[in-house]
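Here the structure is a predicted model, which means the values were calculated and not measured. Each ligand, and each atom within it, is numbered from 1 in the order the structure gives.
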Amino acid sequence: MTTTLDRLKKEVTVTFEQMTAIAADFKSAMDAGLTGQPSPLKMLPSYIGRPSGRETGQYLALDFGGTNVRVQLIELHGDGRWTVRRQTAAPLKDPAGKYDYTAAGATAAELFDFLAARIASIVDKDINVRLGHTFSFPCRQLDVGHAELISWTKEIRTAGVEGREVSALLAGSLARQGLSRIKPCAVINDTVGTLLAAAYTDPAADIAAICGTGHNTCYYDAGKAMIINMESGNFDALPFTAYDDAVDAASEKPAGQRLEKMVAGRYLGEIARLAAADLGRTTPLTLTAETIAAWLADPAAPTDLRTIAGLAVTRAARLVAATFLGVLAHSDPGLTKNHTIAIDGSLYEKMPGYAAALKAALAEKLGGAAETVTLRLIKDGSGVGAAIAAAIAHPSGGR
Ligand code: GLC
C-alpha cells in the first residue's frame, strides 16, 4: 500500500498534546522505577554523585560504546580543566571484515582481550594507574567499580557477556597481557560520563543524554545524592507508527528499546527508508543517519526525501524533548533552579535541524520558563567522565 505525503506528515508528527502526555507518562515511569514497581525505566543507580571540580590526577579512560573502543590517558588539573596525554581508538568491527567483536560469533574473552590490547598500545607495562571504564549498556551496578551487563542493546551480540561483571572480564584480560598494575576502579554509563564531564565545570548540570547511535538519559537525583542511569531508550508509552513496528520486529531484541528505535541514529535511516518506500519511492536497500543528514544539508536533494528526513528528525527531537520535560517535572516541577542538560552524540552535534527542534520543543512547552533550561553540547564526556569517575572512586590517582 502506498500513502500520501500528507498522511505521512500527520502520522510522523508529534503534537503538543502528545508531547505533554509523553512527559507525564515518563515522569510516572520514573516514579514507578524508583520505587521498584514495574516500569520501562530501569532507573539504575550509579553509586556516583556530583564531582566537586577539584578532582586531580592521571587516569586511564576506556570508552566502549559499541562502535569504537577508545583509550585515553587523562590528566585532571582540578580546576575544571584536563589534558588528554595520549589516546588511541579502533573500530570493534573491522571495516575490511577481518574481525567483528560485536557479532554473536565473538566471545567475551576475545572482546575484552581486544580492549586490553588497545590499552597496552598506549601505556608502559610497569605503569601504576587507575582506570575508569565507560561501558554504555544497561548494567546492574554493584558499587562504583563493579557492574554486571543486564542485556546488550544497539544490536550488539557478543556471546557470554550478558550477566557477567565487566570489571572482572577486563581485569582478566589485563592480567593475560601482563598489565595487572592497571586497576579498573570505576564503571559508568556514557550518559553518566557526560554528566560528570559537564558538572566538572558547570554546577547547574543535572541531566545528561546521549543523542547519537543510541539514546539514553541520566539525571542527578538530589534525594539519593546519586546519578541515576534511566536507560530511557527502553521507554515505550509512545505513538508508534507501522514503520516503528517494522523496525522493532526486524531488530535483535523486539519489544525492547522502543524509544531508542524511534530516535537514535542507528535506526533513523531505516525509518526514513520505510516511509519513503511507502510513498512509492525507490531508495537504496539501507539508509543511514549520515545519508539523511546529507539530504537535509543539500537543498538540491529531492524535496520529498528531504521532507521525510525532516519529519523523522523532528519527531526524534520532540520525543526526546518530552522525556526531558518528564525529568524536569520529576526533579523541579516549579522550575525554581537553573538546569543544564548536557548532550553528547552525533545527532545533537551534526544532524541538521535536530538541536534546533529540541530547543524549540522545550520552549513550546515551557514558554518563558525555558530560560532556566540550557542545552549544552559536551563532546567526549565518555572519556573525561570515566577519568573523573575513577578520581572520585580513587582520589589518590595512580597510587
Ligand atoms: C543504549 C544503551 C545505553 C547507552 C545508550 C547510548 O541505549 O542501552 O546504556 O547510554 O545506548 O550509548
Side-chain angles (χ1 to χ4, degrees), residues 26 29 33 39-48 61-70 89 91-92 102 132-141 147-158 161-163 166 186-198 207-220 227-236 238 247-248 251-268 289 316 319-320 323-324 327 341-351 354 377-383 385-386 389:
F26 193 86
S39 169
L41 297 178
K42 293 191 175 68
M43 307 302 284
L44 301 165
S46 67
Y47 297 101
I48 288 213
L62 170 66
D63 177 16
F64 174 87
T67 314
N68 295 302
V69 51
R70 199 181 41 168
L92 293 162
T102 65
H133 183 184
T134 299
F135 184 76
S136 309
F137 297 91
C139 284
R140 187 170 299 108
Q141 198 88 33
E148 279 170 16
L149 174 62
I150 299 171
S151 58
W152 284 125
T153 51
K154 298 179 279 194
E155 314 296 311
I156 309 287
R157 288 178 294 177
T158 317
V161 189
E162 289 180 336
V166 297
V187 196
I188 57 170
N189 187 258
D190 52 356
T191 55
V192 176
T194 302
L195 185 45
L196 291 174
I207 300 173
I210 303 293
C211 299
T213 310
H215 171 67
N216 184 16
T217 301
C218 74
Y219 75 106
Y220 177 71
I227 301 171
I228 304 286
N229 166 18
M230 296 195 282
E231 285 296 320
S232 61
N234 194 48
F235 185 67
D236 59 3
L238 296 162
V247 167
D248 179 53
S251 69
E252 188 57 36
K253 298 215 164 109
Q257 300 295 103
R258 293 300 308 260
L259 174 64
E260 183 162 69
K261 289 172 191 164
M262 295 172 90
V263 305
R266 177 73 176 72
Y267 305 95
L268 270 188
L319 291 174
V320 168
T323 69
F324 291 167
V327 184
I341 305 181
I343 309 179
D344 196 358
S346 49
L347 288 190
Y348 189 74
E349 194 186 345
K350 296 185 194 141
M351 182 62 85
Y354 181 89
L377 174 67
I378 293 287
K379 281 166 70 165
D380 257 11
S382 332

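- Using a 4.0 Å cut-off between a side-chain N of Lys or Arg and a carboxylate O of Asp or Glu, Asp236 and Arg258 do not qualify as a salt bridge.
- Taking each of Glu260, Gln257, Glu231 in turn, the one with a heavy atom nearest to atom 9 (O) of ligand 1 proves to be Glu231.
- Between Arg266 and Glu252, no side-chain nitrogen of the basic residue sits less than 4.0 Å from a carboxylate oxygen of the acidic one, so the salt-bridge criterion is not met.
- To the nearest 0.5 Å, atom CZ of residue Phe64 and atom CG of residue Leu92 are 5.0 Å apart.
- Between Gly65 and ligand 1 there is no heavy-atom distance shorter than 4.0 Å.
- Less than 4.0 angstrom separates some heavy atom of Ile210 from each of these atoms of ligand 1: 6 (C).
- Here Phe26 and Phe324 keep their ring centres 6.0 angstrom or further from each other.
- A side-chain donor-acceptor contact under 3.5 Å links Lys154 to the backbone of Gly65.
- In His215, the part holding a heavy atom less than 4.0 Å from any atom of ligand 1 is the backbone.
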Intermediate values then yes/no, side-chain hydrogen bond (donor to acceptor under 3.5 Å, both in side chains), Lys261 and Ser251
CA-CA 9 Å; Lys261 289 172 191 164; Ser251 69; 2.9 Å; yes
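- Protein heavy atom at the shortest distance from atom 2 (C) of ligand 1 is Thr153 OG1, 3.2 Å.
- Counting heavy atoms under 4.0 Å from ligand 1, residue Asn189 touches it through the side chain alone.
- Summary of contacts: the protein heavy atom closest to atom 6 (C) of ligand 1 is Asp190 OD2, 3.3 Å.
- Under a 4.0 Å heavy-atom criterion, Gly233 is not in contact with ligand 1.
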